[in-house]
Structures are given as structure tokens and as C-alpha cells.
Visitor: 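I have a structure I would like to understand better, so I am pasting it below and will then ask my questions one at a time.
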Amino acid sequence: MKILFQGDSITDAGRDRNDIHNLGNGYPKYAAKYIQFRYPDEEFEFINLGISGDQTKDLVARLQSDFIDINPDVISIHIGVNDTWHYANERNWISNEQFEAQYREVLEAIKTKTNAKIIMIEQYLLPDTEKDFFREDLNGKIDITRKLAREYADVYVPLDGLLAKACIDNPSSYFSDDGVHPNDNGSEYIGMIYAEAFEELMGKTK
């Protein structure tokens, strides 16, 4: 089974871009470990093509080469925080309509041009950081991500909510130094959640 991780820096996580099987130091590394542990008799090919800084428009630009041509069995997507962050200094947010159209184009291409199952992972922002004002824009785009998930996702991971819950008993700094990029604790936490989502997907396909 070929599993493709797609997204921005949270997925990229310092991977070696000369080796598509290098998973970097983020959640894909932990997700692969926990998936292999849960399914020791299965053969998996894990591919990480996340690129730091990417927005939804960048995924559109590399749809053919980095999605369709890979021909995976499962595509997971974690994208969206940069669609807010890159416009935050001036609060010159891109419109929700543009965000939805770009994300929808990615999902529609996967649905119509591949046989891949889709795991959508919600963009997130950890609480109580200097980036709290991102919520002015981020919340609306999370709502759009959830809307698209109802149309396209085989499994949806409500990561913003799950991390909010996790931060009841732990400070944000336990998971991330800047409220967005996960440290080792955050990456392992997301990787564990990913493995649970993958198990849910496997249950649906039996």
C-alpha cells in the first residue's frame, strides 16, 4: 500500500527532498512507525512530498507531478495555515472563496484522476501564543476545510479541536514552540492521531 503525505512545513519537517521516501522529523515519521506497528504483516510504501511554506495554491500547481503521477492508495493532506499566516502581517487575508476554490480543485483532481482514499487533516493553531490573532481568518478557513471534508474525505482528522483539547492539560509549548510547528512531542502526538485515522480508513475499506 502506497501512502502519500502532502502539505506544508508541518509535513515537510526537514525531509531530504532528494529522497521521496525520507519522511523528515515530523508527524509522517511517527505515523509510519505506528501504522507499521499496527499492521506488521502489511507492506507499506511511505512517501513524503510536503513542502515548507506551501499554500493551497501551491498544491494546485503540483497536482500532476506530486499527486496524480504518484498514483498512491492513500493521500493525506494537511494544508491551510499558510493561507492565513502569509497574509497576517497586514491582515490582508485571501478570501474564503479563493481558499475554497483552490482546496476544492486539489480534492476534485484526486477524486477524479486517482483511486486514492483521502485523509484530510485540519489546519490548527495552538492557543495562547502571539499568533492568536490568526483566528480572525483561520476559523473561517477551518470551517471551509470541514465543509470540503464532508464532500471529499474518506476520513477527517479535526486536529485543531484535538490539539485544543490536549492543551487543557498541557501548555501549548509542550507541543510547539511557536504555536504552529510541532516539536517532537507535537509531531508524535499528530503521528499517533494519524495512525488512528488510518485504522479508521482500513476499517471502512474492509
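Just so you know, these numbers use all the heavy atoms, side chains as well, and skip hydrogens, waters and symmetry mates. Numbers for residues simply follow the sequence, beginning at 1.
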Visitor: By salt bridge (charged side-chain N to carboxylate O under 4.0 Å, His left out), which residues pair with E200, not counting sequence neighbours?
Guide: K204
Visitor: Do any pairs count as a side-chain hydrogen bond (donor to acceptor under 3.5 Å, both in side chains) and have a residue in residues 108-117, sequence neighbours left out, and if so which ones?
Guide: E108-Y152
Visitor: With clusters built from Ile, Leu, Val, Met, Phe, Trp and Tyr whose side-chain heavy atoms come within less than 4.5 Å, directly or transitively, what are the remaining members of the cluster of M192, listed by chain and number?
Guide: Y30, Y34
Visitor: Apply salt bridge (charged side-chain N to carboxylate O under 4.0 Å, His left out) to R17 and list each qualifying residue two or more places apart in sequence or on a separate chain.
Guide: D12
Visitor: Strictly below 4.0 Å, N to O, side chains only: are E100 and K147 in salt-bridge contact?
Guide: yes
Visitor: Does some side-chain heavy atom of I121 sit less than 4.5 Å from a side-chain heavy atom of Y194?
Guide: yes
Visitor: Does anything in residues 89-120 form a ring-ring contact (aromatic ring centres under 6.0 Å, His included)? List the pairs, not counting sequence neighbours.
Guide: F99-Y103
Visitor: Applying side chain to side chain contact (heavy atoms under 4.5 Å, CB included), name anything that partners N82, two or more places apart in sequence or on another chain.
Guide: D8, Q55, W85, H86
Visitor: Return a table of donor-acceptor pairs under 3.5 angstrom between the side chains of residues 154-167 and protein atoms on other chains or two or more places apart.
Guide:
| from | atom 1 | to | atom 2 | distance (Å) |
| --- | --- | --- | --- | --- |
| D154 | OD2 | I118 | N | 2.7 |
| Y156 | OH | E122 | OE1 | 2.7 |
| D160 | OD1 | L125 | N | 3.1 |
| D160 | OD1 | R135 | NH2 | 2.8 |
| D160 | OD2 | R135 | NH1 | 3.0 |
| D160 | OD2 | R135 | NH2 | 3.4 |

Visitor: For E97, which residues count as a salt bridge (charged side-chain N to carboxylate O under 4.0 Å, His left out) partner, sequence neighbours excluded?
Guide: none
Visitor: Sequence neighbours left out, what passes side chain to side chain contact (heavy atoms under 4.5 Å, CB included) with F44? Give chain and number order.
Guide: M1, I3, I35, Q36, Y39, E42, F46, F198
Visitor: Please determine whether a side-chain nitrogen of the Lys or Arg among D54 and R62 lies less than 4.0 Å from a carboxylate oxygen of the Asp or Glu.
Guide: yes
Visitor: Determine, stepwise, if the pair Y189 / Y27 fulfils side-chain contact (heavy atoms from CB on, under 4.5 Å).
Guide: CA-CA 8 Å; Y189 179 79; Y27 76 85; over 6 Å; no
Visitor: Can S176 and N183 be counted as having a side-chain donor-acceptor contact under 3.5 angstrom?
Guide: no
Visitor: Not counting sequence neighbours, which residues clear side chain to side chain contact (heavy atoms under 4.5 Å, CB included) with D16? List them please.
Guide: N18, D19, N22
Visitor: Sequence neighbours left out, what passes salt bridge (charged side-chain N to carboxylate O under 4.0 Å, His left out) with R150? Give chain and number order.
Guide: none
Visitor: What pairs with P40 under side chain to side chain contact (heavy atoms under 4.5 Å, CB included), at least two apart in sequence or on another chain?
Guide: none
Visitor: With heavy-atom distances below 4.5 Å as the criterion, would you say the side chains of H181 and D177 are in contact?
Guide: no
Visitor: Donor-acceptor check, side chain of S9 to backbone of G53, threshold 3.5 angstrom: yes or no?
Guide: no
Visitor: Distance alone, cut at 3.5 Å: any donor-acceptor contact between the side chains of T11 and Q6?
Guide: no
Visitor: Under 3.5 Å, is there a donor-acceptor pair between the K141 and N96 side chains?
Guide: yes
